[in-house]
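Proteins get letters first, then strands, A, B, ... in listed order; numbering begins at 1 in each.
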Amino acid sequence: MKKDDFEKIESKWQNQVDIKGASKPFYNLMMFPYPSAEGLHVGNMYAFTGSDIYGRYMRLKGYDVFEPIGLDGFGIHSENFAIKNKIHPAKMAKKTQKRFYEQLHMIGNAYDWSKTLETYDSDYYKWTQWIFIQMFKRGLAYKKKSAVNWCSSCKTVLSDEQVEAGKCERCKTDVVKKEMSQWFFKITKYAGRLLKNLDKIDWSEKTKLAQKNWIGKSEGAELEFEIKNSKLQIDNKFQILNSVTVFTTRPDTLFGCTYLVLSSESKYIDILKNGIENWSEVEDYIKKAKAKSDLERTNEKTGVELKGIKAINPVNKKEIPIWIADYVLEGYGTGAVMAVPAHDKRDWEFARKFDLKIIPAVIPTGGSMTFKYPDVESGDEIGQRFDKEELDKIMQERAYVGEGKLVNSGEFSGMKSAEAKKEITKFVGGKLKVNYKLRDWCISRQRFWGPPIPIIYCEKCGTVPVDEKDLPVKLPKTDDYLPDGTERSPLARDENFVKTKCPKCGGEAKRETDVSDTFLDSAWYFFRYPCVDDKNEAFDKEITKKWLPVDMYIGGHEHAVLHLLYTRFVTMVFHDMGLIDFEEPFKKFRAHGLIIKDGAKMSKSKGNVINPDEYIEKYGPDVLRTYLMFIGPFKQGGDFRDEGVVGIERFLMTRVKKVVSKIINNKDDFEDISGQSTWIHRTINNVSKDIENLKFNTAIAHLMVQFDGKDGKPDWRGKMEFDGTFEDKKCDFIALEKFLILLSPFAPYLCEELWEMLGHKESVFRARWPELDESKIKDEKINLVIQVNGKVRATVEVDVEISEEEARKIAIEQENVKKYVEGKEENMRTIFVKGKLLNIVI
RNA sequence: GCCCGGGUGGUGGAAUGGUAUACACGCAAGACUUAAAAUCUUGUGGUCUUACGACCUUGAGGGUUCGAGUCCCUCCCCGGGCACCA
């Protein structure tokens, strides 16, 4: 097929949906690609094809399916690629856009090409900036100086979500902490809702779980530890610190708390300073800790004791030492922890290293272990009997982090952990507290290729958002765009850009020069698609009401905690602004698997990257699409193998195409047995169910089995001999049409062509998905499996409705059954599964 | 370390607790051909057996059940995610 033919067929599909008039809207969305690198990847095509098959299916089911595509071309990915190739990002964008759209035209998807968008288009990023301003106005965007993630290679800060195992998500450089003033979005305000709503949405379980873990809710208590130091109280006239608050999820282990640890950046340190006798040592440690990367911090536990001050354990009034250590994070909880080495792995390591006391406060309950644990105070043996070795293992080789029964805990000894948590918290006057791991979203980037943050700094009026009517704040046309690593965006070097007027007072002012994170671009694009032509607002209220939330969203699982969390946050903010009446952007989300090659992820360095172009040229889009879907379960992905493609080529081109066109061309020679076939209903049943569950591989297998008549059922088409003559010239033409509809989501071009040959003027995608006739898939005869003691000994063809009594009679007459049961009929009993099997138990 | 997936023929993979290995690739034999390719037909988990058939087999080991790839427990291996979150 030539390119012209593709286009001719594609034009028949009428992929443009009537946005305003659609009566059964169905929004079928796929994650838009980063158009960096050399072009469309076979991985992209895999995801898009699966999504498109679902979309085409829904369309055949009678829905008005909206299936848009666009490019996520702003941001570091694209910019780095441009820099590497020494081409201006804007020029590169033009090139990649052309290339991507050309390729996307070739893969046979039913895109609505009238609704494309690119995130670097100022008509788009105008509204990205508008969103920033709304966040600012609602107090959800704020600027704060703090230790942020800095990638020295990308020369920019990164969000927590973009740091993977201490390395930059993009370039794998070690990320360091840097004290910088940055813009943040207050996503933490939504932590509770982001977590709670997960129960309400139909998403892949593993994606929901990843989000749940990322949000990281933990319920515990805040407890106060009194600080003891006479000098402090005298010297600090104005600021007397008499307690430190810690957050813990294990108040039940409080009796085992043997020291207190503050983070090396702790806000408490300044206040405690005067009481610390070894200040120079402490100061030195703080300096060193600051210079460390996150990765270095996790390597080994370090810390230093704050000499001269002590804390009082509130539950037993014992004096305990205070340490600072970089294993305690300032950004979580209160930045101070009560250390219980017996029951916390990290505290245990630390205590072992610095020779601090380890006092068990909880022992496991149950089990058959027998050992009495000595009470620290009295020396009496208390608690349950445990096997010594077992307990040593639990208590001495490592911390016991599980729950159990309290020991060494005064009046609380013997109490179970769950109860003790409440009681001890109450006893020491602590308060219940919920903490989340989720941090605010660091949104500023010291780069060029992104939407400038629409903020103006005025000496008189302070931080002022750009007036909405002045949007977009366009990126200047400049060749001076390379990042310089100075903590400032290249835009800061552009005088004309920086200098501006204050929107409030009209005086001299300066623009913010950072651009926003590319994940903000993609956090709302699906709102824009149906409204891409709207010049007056980001999205139209009525249209949005009709089309959103998105009905089906398909994409990679790698975005579980990045993109998918941000979209949910932004959608919730829109909801709270009263713009929409839903909180969740995607009703249904499914993560697809990964296509690998030779057992490994495709990568240029391994030289195992599959370029879809070659295969499309060689086999055509239908074969490649269908093959990709046949490799394995869509949710799981699979291994791409060249040898596998021919199987699909044989099926589509040699069997379906040749046979069907032969029948159509010799229609008059065939006896029309329309309506007599039952095989088609079996196919309808299986293929519909499989597509709905995204089990495309088995859907294709069913299409093959039924088309080839391998099911043992009467062959609808007769047998076609190798020379192209038919053994049996009968054809169920209605079933044949239905078959083409069932196959069309997978092989749209081929089915369109054959559909036309059948005499249809309109596209196959204007047809309706065939209705299943349940009565046609009911078997009258079945092969009853006969087992003796669970082993298959025979199968007999019988009536489906056969009774146990009759089945039993037939069974014992079978030669191969007789020899096992003969003479033992007395002790025989049978298990009967109607229409399936009879198991004779002796 | 913790949390998810997964482990089935030579290969990719199928199997609501009910005939394990569908479908496809590969391989073998045959048909067509001067020949090859293409195409078509048949066969194809292992061991034993001329055959009928028997026994074994879903990472390992236990258990529940008339019956387990599927459910439960213990362990091993592979892939992915999180990573000092107290």
For this session: For B:G9, give its Watson-Crick or G-U wobble partner with both distances under 3.5 Å, or none.
Result: none

Exercise. Does A:Lys791 make a side-chain N or O approach to OP1 or OP2 of B:C56 shorter than 4.0 Å?
Worked result: yes

Problem set entry | Distance test, side-chain N/O of A:Asn697 to OP1/OP2 of B:A14, below 4.0 Å | yes

Exercise. Mind checking whether A:Tyr46 and A:His592 have parallel, tilted or perpendicular rings, split at 30° and 60°?
Worked result: perpendicular

For this session: Would you indicate what A:Arg793 reaches in the nucleic acid, counting non-hydrogen atoms under 4.0 angstrom: base, sugar-phosphate, or nothing?
Result: sugar-phosphate

Exercise. Looking across every strand, which nucleic acid part, if any, lies under 4.0 Å from A:Ser218 by heavy atom: base, sugar-phosphate, or nothing?
Worked result: sugar-phosphate

For this session: Would you mind classifying the nucleic acid contact of A:Tyr820 as base, sugar-phosphate or nothing, using non-hydrogen atoms under 4.0 angstrom?
Result: sugar-phosphate

Exercise. Which nucleotide, B:A22, B:C56, B:G18, lies nearest any side-chain atom of A:Ala701?
Worked result: B:A22

For this session: Mind checking A:Val340 for me? I need base, sugar-phosphate or nothing, with any heavy atom below 4.0 Å counting as a touch.
Result: nothing

Exercise. Toward the 5' end of RNA chain B, which comes first, A:Phe247 or A:Gly632, by nearest nucleotide?
Worked result: A:Gly632

For this session: Select base, sugar-phosphate, or nothing to describe what A:Ile631 touches, counting heavy atoms under 4.0 Å on all strands.
Result: sugar-phosphate

Exercise. Just checking A:Ile831: base, sugar-phosphate only, or nothing, at a heavy-atom cut-off of under 4.0 Å?
Worked result: base

For this session: Respond yes when some side-chain nitrogen or oxygen of A:Arg650 is under 4.0 Å from OP1 or OP2 of B:G26, and no when none is.
Result: yes

For this session: Using a heavy-atom cut-off of under 4.0 Å over every strand shown, decide if A:Lys695 touches base, sugar-phosphate, or nothing.
Result: sugar-phosphate

Problem set entry | Steps toward salt bridge (charged side-chain N to carboxylate O under 4.0 Å, His left out) verdict (A:Lys433, A:Glu219) | CA-CA 6 Å; A:Lys433 169 89 183 169; A:Glu219 291 173 81; over 6 Å; no

For this session: If B:A60 has a Watson-Crick or G-U wobble mate with both distances under 3.5 Å, name it; if not, just say none.
Result: B:U74

Problem set entry | Distance, C1' atom - from B:C56 to B:G69, rounded to whole angstrom | 16 Å

Exercise. Base, sugar-phosphate alone, or nothing: which one does A:Val337 contact when heavy atoms must sit under 4.0 Å apart?
Worked result: base

For this session: Verify the ring-centre separation between A:Tyr627 and A:Phe640: is it less than 6.0 angstrom?
Result: yes

Exercise. For B:A86, what is the paired nucleotide under Watson-Crick or G-U wobble rules, both distances under 3.5 Å?
Worked result: none

Exercise. Of A:Trp323, A:Tyr327, A:Tyr259, which meets ring pair (Phe, Tyr, Trp, His ring centres under 6.0 Å) against A:Phe354?
Worked result: A:Trp323

Exercise. B:A86 phosphate, OP1 or OP2: any side-chain N/O from A:Tyr327 under 4.0 angstrom?
Worked result: no

Problem set entry | Residue-phosphate contact under 4.0 Å: A:Asn816 side-chain N/O, B:A54 OP1/OP2 | yes

Exercise. In the structure shown, which nucleotide is the Watson-Crick or G-U wobble counterpart of B:C55, with both distances under 3.5 Å?
Worked result: B:G46

Exercise. Using atom P of each nucleotide, how far apart are B:U49 and B:U34 to the nearest Å?
Worked result: 43 Å

Problem set entry | B:U70 and B:U21, which share atom name C1', separated by this distance in whole Å | 15 Å

Problem set entry | A:Tyr332 versus A:Ser218, side-chain donor and acceptor atoms under 3.5 Å | yes

For this session: Answer yes or no: does a side-chain N or O of A:Arg641 lie under 4.0 Å from OP1 or OP2 of B:A24?
Result: no

Exercise. Paired with B:C2: which nucleotide, if any, by Watson-Crick or G-U wobble criteria at under 3.5 Å for both distances?
Worked result: B:G81

Exercise. What interatomic distance, in whole Å, is found between C1' of B:G45 and the corresponding atom of B:G63?
Worked result: 28 Å

Exercise. So, is A:Arg655 close to the B:A38 phosphate, meaning a side-chain N or O under 4.0 Å from OP1 or OP2?
Worked result: no

Exercise. With a non-hydrogen cut-off below 4.0 angstrom, is A:Gln787 in contact with a base, only sugar-phosphate, or nothing?
Worked result: base

For this session: Please determine if a side-chain N or O atom of A:Tyr627 lies less than 4.0 Å away from the OP1 or OP2 oxygen of B:G13.
Result: no

Exercise. Base, sugar-phosphate, or nothing: which does A:Val792 touch, judged by heavy atoms less than 4.0 Å apart?
Worked result: sugar-phosphate

Exercise. Can you tell me if the side-chain N/O atoms of A:Thr698 get under 4.0 Å from OP1 or OP2 in B:C23?
Worked result: no

Exercise. Paired with B:G18 by Watson-Crick or G-U wobble geometry, both distances under 3.5 Å: which nucleotide is it?
Worked result: B:C66

Exercise. So, do A:Trp441 and A:Tyr566 have ring centers that fall under 6.0 Å from each other?
Worked result: yes

Problem set entry | Complementary nucleotide of B:U34, counting Watson-Crick and G-U pairs under 3.5 Å | none

